[in-house]
Amino acid sequence: MNLYLREAETLRRILDELADKGAVKGDVPPAEKILVEAPRDEKFGDFSSSLALVHASAMGVKPPELAAQVAEKLAEMEHVQSAAVAGPGFINWKLTPTAWQETLRELLAHSITFPNIGGGRRVNVEFVSANPTGPLTMGHARGAVIGDALATLFSRFGWQVVREYYTNDAGGQIEILARTVELRMKEAQGTDIGEIPAGLYPGEYLKPIGERLAAQAESAGAAPSGDEIARFAVAEMMSLIRDDLNAVGIRHDRFSSDFKLREDGAVEEAVKQLEADGHLYRGTLPKPKGEDAADWEPREQLLFRATEFGDTDDRPMQRSNGEWTYFAGDIAYHYDKHKRTEGRLIDVWGADHGGYNQRIASALKAVTRGKGELDIVVCQIVRLFRGKDEIRMSKRAGEFVSLRQVVDEVGADALRFTLLTRKPSAPLDFDLNAAVEKSLENPLFYVQYAHARTHSVLRLAREQFPELRDENFFAQADLTPLVAPAELKTIAALAAAPRVFQAALEALEPHRITLWLRDLAGEFHALWSQGREETQLRFIVADDLRLTAARLALVLAVQRGLRVGLEVIGVRPLDEL
RNA sequence: GGUCCCGUAGUUCAGCAGGAUAGAACAUCGGAUUCCUAAUCCGAAGGUCGGAGGUUCGAGUCCUCCCGGGACCGCCA
């Protein structure tokens, strides 16, 4: 249950009442238009609404008057402790302890529930999609983790999700891959191949693939063709990549092939569609501005009218030698994805695709006649550190840190959590040391520690009070002893979950969940520490089952809350450290 | 030349849909050990939200321009 929406609904009913009495004129805004939020400063209470500031004039009253009338009605309500007008017309109110206790009871009965926003609609989340020419690097890790968390979020909110990987298994780089693997095969057959020539892939990871290809060639009794080598190499690389992803706990539902799409004529189909609507023409691009334009020559080619969709230039669909551009292939792929998804499309891209998103978004609009819904999440780069020292990665120089190396060092959980501590659009520094440090600087540790503490306290409590071994006991527990501000605040933090998670979904920013987890853990640690100074404030109070049960009910709710958040971001909660 | 992203406390960053006196953490300083794990907690101090305009009752948030940092962009994939 989303408390904020419930309170907005309360406000709407109050407005209706005022309108019936003729106290206000005009239209009462729907609950969705009434903003209810948690005030920044606690002293303003539990909830705050700018309703009077926003809607007063439409209702024919002055903001302070409307606010005063609403506040008066609010204060009379049973679940409201107090309500007041502040500043230019804010309405602030506080719930009674009883109302918070009821909120907790509901959390115990249903845990944290999310509204069914998706309603079974379909969403396709495409992420990673690294070229199958090498193992995954730390550059891919961020998109992998963000995409996976987004996909989980969508399914929690009632969407039917497909996790997709688009394999770029056609084009020049695959030829290079095939040529390298052929060399590695010859090497395995005993030929001295010397150094891997410049322009090919020098990595050792292609050696075992060459060996397997050699073995296959021997049993087949014939040398494989170039095409066969390419298909073989891609299949092997994809299995390597899948292993890397599995190590982080990521599994895609579907792997699409650029090669197959082209073979099936998908590009021609998309081109036909665009041509029918007049989005294509033969023309010449203007000379690009900037430095090295010396060898530029004007050439006529097939162009897409991207400028009609707000792009700065029209974009080439075909190279001068007649081959389709990568852009054309991408349009075909997105068109295909749109047709089979019949719903929303989400692409999670790396920073290196930064300027490409509008182009593909406008092309999808064109090819689907405005029907395609595509959101693109561009993840900024990850800089890798060990303490203060940056580990530089350069793809060109072949120096990169593989995803696998980092997972082996810090574990999948630390990798996932750390990569979800910043919004996708902000650059992120990943410190290999800090990610596993057992200190406050490490938010994952802080959260896991809170979760472990909930376990240890529940375990101890159950030793003292056997009644508590039955979880149903908590559902029936008398919660009225929970009145301390810190306790009510913790319930409020839990109750904020649906709203935070929904905001994460709508903004496509799963990092908001890790921030919320840290907040909740903080509330819990604070609660715990109260017991140090005063024994009566401990969770377990000897000889007082009623008090202990109420507090433990809160602990249990925190535990479940932490677990729900960790599950969405794909981190395993630890029962003990 | 162009596109995208970032600029908030000494540092790393939050800031939810434009809302009140801009929040945390780290570092600094001062506290908490007969106690469910002190791997934590409580408190203090710390700010011209890069700059200038604009929209608005109200701007860190939206718009324009400028400055600084980053990622990219040519019939490469």
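Just so it is clear: chains get the letters A, B, ... in the order the sequence lines come, proteins before strands, and each one is counted from 1. Computed from a prediction, not measured in an experiment: that's the story for all the values here.
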Applying a 3.5 Å limit to both distances, which nucleotide forms a Watson-Crick or G-U wobble pair with [N]?
N: B:C36; value: none
N: B:G23; value: B:C13
N: B:C72; value: B:G2
N: B:G18; value: none
N: B:U64; value: B:A52
N: B:G43; value: B:C29

What is the distance, rounded to the nearest whole Å, between atom [atom1] of [X] and atom [atom2] of [N]?
X: A:Asp352; N: B:C4; atom1: CG; atom2: P; result: 17 Å
X: A:Glu523; N: B:U40; atom1: CD; atom2: P; result: 17 Å
X: A:Leu520; N: B:A24; atom1: CG; atom2: P; result: 17 Å
X: A:His511; N: B:A24; atom1: NE2; atom2: P; result: 18 Å
X: A:Arg359; N: B:G2; atom1: CZ; atom2: P; result: 16 Å

For this session: Verify side-chain hydrogen bond (donor to acceptor under 3.5 Å, both in side chains) between A:Glu7 and A:Trp93, making sure each step is shown before the conclusion.
Result: CA-CA 10 Å; A:Glu7 293 302 298; A:Trp93 67 106; 2.7 Å; yes
For [N], does OP1 or OP2 lie under 4.0 Å from any side-chain N or O of [X]?
X: A:Arg319; N: B:A77; value: yes
X: A:Ser456; N: B:C36; value: no
X: A:His451; N: B:A39; value: no
X: A:Ser425; N: B:C6; value: yes
X: A:Tyr356; N: B:C76; value: no
X: A:Arg499; N: B:A17; value: no

Residue [X], side-chain heavy atoms: nucleotide from [options] that is nearest:
X: A:Asn131; options: B:A77, B:U37, B:U40; answer: B:A77
X: A:Ala526; options: B:A20, B:C41, B:C72; answer: B:C41
X: A:Arg422; options: B:U12, B:C41, B:G15; answer: B:U12
X: A:Arg518; options: B:A24, B:U40, B:C16; answer: B:A24
X: A:Lys423; options: B:C36, B:U37, B:A14; answer: B:A14
X: A:Leu577; options: B:A20, B:C36, B:U37; answer: B:U37

Exercise. Side chain of A:Ser529, base of B:A32: donor and acceptor closer than 3.5 Å?
Worked result: no
For this session: Assess whether one donor atom and one acceptor atom, taken from the side chain of A:Asn92 and the base of B:A20, lie less than 3.5 Å apart.
Result: yes
How far does the [atom1] atom of [N] sit from the matching atom of [M], given to the nearest Å?
N: B:U56; M: B:C63; atom1: C1'; value: 12 Å
N: B:U21; M: B:U11; atom1: C1'; value: 25 Å
N: B:A44; M: B:A24; atom1: P; value: 10 Å
N: B:C4; M: B:C65; atom1: P; value: 11 Å
N: B:U55; M: B:C41; atom1: P; value: 47 Å
N: B:G15; M: B:G23; atom1: C1'; value: 7 Å
N: B:G43; M: B:A25; atom1: P; value: 9 Å
N: B:G30; M: B:G46; atom1: C1'; value: 15 Å

Look at all strands and tell whether [X] reaches a base, only sugar-phosphate, or nothing, counting heavy atoms closer than 4.0 Å.
X: A:Gln173; value: sugar-phosphate
X: A:Val500; value: nothing
X: A:Ser48; value: base
X: A:Asn168; value: nothing
X: A:Leu35; value: base
X: A:Arg453; value: sugar-phosphate
X: A:Leu515; value: sugar-phosphate
X: A:Ala170; value: sugar-phosphate
X: A:Phe445; value: base

Problem set entry | Sidechain-backbone polar pair: A:His525 side chain, A:Tyr449 backbone, donor-acceptor under 3.5 Å | no
For this session: Using the side-chain contact (heavy atoms from CB on, under 4.5 Å) rule, take A:Met317 and A:Leu303 through it: C-alpha gap first, then chi angles, then the decisive distance, then the call.
Result: CA-CA 5 Å; A:Met317 297 289 288; A:Leu303 299 169; 6.0 Å; no
Exercise. Are A:Tyr166 and A:Asp258 close enough that a side-chain donor and a side-chain acceptor fall under 3.5 Å?
Worked result: yes
For this session: Answer yes if the side chains of A:Trp349 and A:Glu126 hold a donor-acceptor pair under 3.5 Å, and no otherwise.
Result: no
Exercise. Got more than 12 heavy atoms from elsewhere within 6.0 Å of CD, A:Glu463?
Worked result: yes
For this session: Can you establish whether the number of heavy atoms outside A:Lys94 located under 6.0 Å from its atom NZ is more than 12?
Result: no
Exercise. When you measure from the centre of the six-membered ring of A:Phe430, is the NZ or CZ of A:Arg383 under 6.0 Å away and within 45° of the axis?
Worked result: no
